[in-house]
Amino acid sequence: MINTKTALLYLSLFSFIGCQSGQTNKTPQATVKKEKNPISVNEQFNNYWYSGKAELSSYTLKQARYGEIRDGEVVLVFVTEPFSASKQVKLDNPQQAETDNISVLKLNHIRKFNTGIYDYSIVTSTFYTY
């Protein structure tokens, strides 16, 4: 069984690599096991991640853009949310979704910096089902 710290590390790593690759990929069709209720990893995990709060981390950023290194900030936001397995989006009405409702751990990886002319933001969302 994968522990929470390992899952968060993988999310952060994949998000970072995805931003660095410079490659454009076709969106893969996700294969997701449909569950009516979230999988219970353990009581401590559920109490932490299903408390209705997000976990935030903030870091100093050095970002290369337009031939120069730019100063900025990286914010990582981890949160669980109901997710549509068929549409691959957050559910607005999870109570009505029945078996299409799965629980995901989401990482929003946000980079903000100024290019000297305008503010620049790069946002990557990574989803992990468990």
Side-chain angles (χ1 to χ4, degrees):
M1 176 184 295
I2 191 167
N3 66 36
T4 305
K5 288 183 182 179
T6 304
L8 296 177
L9 176 64
Y10 284 136
L11 283 172
S12 299
L13 181 62
F14 290 137
S15 179
F16 180 74
I17 291 170
C19 287
Q20 297 297 319
S21 69
Q23 299 176 4
T24 55
N25 297 326
K26 293 182 180 179
T27 303
Q29 190 66 9
T31 304
V32 179
K33 182 180 177 184
K34 296 180 182 181
E35 297 281 342
K36 185 168 184 165
N37 296 317
I39 297 171
S40 175
V41 175
N42 65 42
E43 187 176 343
Q44 184 180 8
F45 178 91
N46 289 344
N47 288 341
Y48 185 83
W49 287 109
Y50 291 101
S51 65
K53 298 178 183 177
E55 183 176 287
L56 300 172
S57 301
S58 179
Y59 303 92
T60 302
L61 172 68
K62 298 285 186 186
Q63 176 73 48
R65 184 65 65 191
Y66 304 127
E68 294 183 32
I69 300 296
R70 312 294 178 166
D71 292 323
E73 179 183 33
V74 173
V75 177
L76 302 176
V77 182
F78 291 95
V79 66
T80 53
E81 65 183 32
F83 197 75
S84 169
S86 63
K87 296 178 185 174
Q88 298 291 292
V89 295
K90 180 179 179 179
L91 284 168
D92 291 328
N93 298 306
Q95 304 84 357
Q96 299 172 357
E98 298 178 7
T99 60
D100 192 39
N101 180 5
I102 61 172
S103 183
V104 296
L105 179 60
K106 177 175 77 171
L107 165 63
N108 283 335
H109 181 183
I110 305 154
R111 297 177 186 207
K112 292 186 177 186
F113 54 96
N114 189 289
T115 63
I117 300 171
Y118 54 87
D119 291 335
Y120 206 101
S121 295
I122 301 171
V123 179
T124 303
S125 294
T126 306
F127 301 88
Y128 178 74
T129 60
Y130 43 90

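Note that the structure is a prediction, hence the values are computed from the model and not measured. Hydrogens, waters and symmetry mates play no part in the numbers below; they use all other heavy atoms, side chains included.
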**Asked** Are L105 and L107 close enough, and set up right, to give a side-chain contact (heavy atoms from CB on, under 4.5 Å), and what steps lead you there?
**Response** CA-CA 7 Å; L105 179 60; L107 165 63; over 6 Å; no

Apply the test side-chain contact (heavy atoms from CB on, under 4.5 Å) to residues V74 and H109: give CA-CA distance (whole Å), side-chain angles for both, the deciding distance (0.1 Å), then the verdict. CA-CA 7 Å; V74 173; H109 181 183; 3.5 Å; yes

So ring pair (Phe, Tyr, Trp, His ring centres under 6.0 Å) across residues 85-108, not counting sequence neighbours, yields none

Residues passing the side chain to side chain donor-acceptor pair (under 3.5 Å) test with D119, sequence neighbours excluded, are N114

Between the CG atom in L61 and the CZ atom in F113, the distance rounded to the nearest 0.5 Å is 7.0 Å

Output for pair (Q95 CD, N101 CG), nearest 0.5 Å, gives 8.5 Å

Output for pair (Y50 OH, E43 CD), nearest 0.5 Å, gives 14.0 Å

Worksheet item: For R65, does its backbone N or O pair with a side-chain atom of E68 as donor and acceptor, under 3.5 Å?
Response: no

From the list T126, V75, V77, side-chain contact (heavy atoms from CB on, under 4.5 Å) with N108 holds only for V77

Sequence neighbours excluded, the answer for side chain to side chain donor-acceptor pair (under 3.5 Å) partners of K87 is none

CH2 of W49 to NZ of K53, rounded to nearest 0.5 Å, is 12.5 Å

Rounding to 0.5 Å, atoms OG (S121) and CD1 (I110) come to a distance of 8.5 Å

Between F83 and Q88, is there a side-chain heavy-atom distance shorter than 4.5 Å? yes

inquiry  = Has D100 got a side-chain atom pairing as donor or acceptor with A85's backbone, closer than 3.5 angstrom?
reply    = yes

Contacts of Y59 meeting side chain to side chain donor-acceptor pair (under 3.5 Å) (sequence neighbours excluded), chain-then-number -> none

*Tell me, with the steps shown, if K62 and R70 meet side-chain contact (heavy atoms from CB on, under 4.5 Å).*
CA-CA 6 Å; K62 298 285 186 186; R70 312 294 178 166; over 6 Å; no

Output for pair (L56 CG, F78 CZ), nearest 0.5 Å, gives 10.0 Å

- Task: Verify whether one side chain among E55 and Y48 offers a donor that lies under 3.5 Å from an acceptor in the other.
- Result: yes

Sorted by chain and number, sequence neighbours left out, side chain to side chain contact (heavy atoms under 4.5 Å, CB included) with V79 holds for A54, E81, K106

Any link between I122 and L76 through a network of hydrophobic side chains (Ile, Leu, Val, Met, Phe, Trp, Tyr) touching at under 4.5 Å?
yes

| Do T60 and E73 get their side chains close enough for a donor-acceptor pair, meaning under 3.5 Å? | no

Side chain to side chain donor-acceptor pair (under 3.5 Å) filter on N93, not counting sequence neighbours, yields none

May I ask whether F127 and V89 are part of the same hydrophobic cluster, defined by side-chain heavy atoms of I, L, V, M, F, W, Y residues being less than 4.5 angstrom apart, directly or through others? no

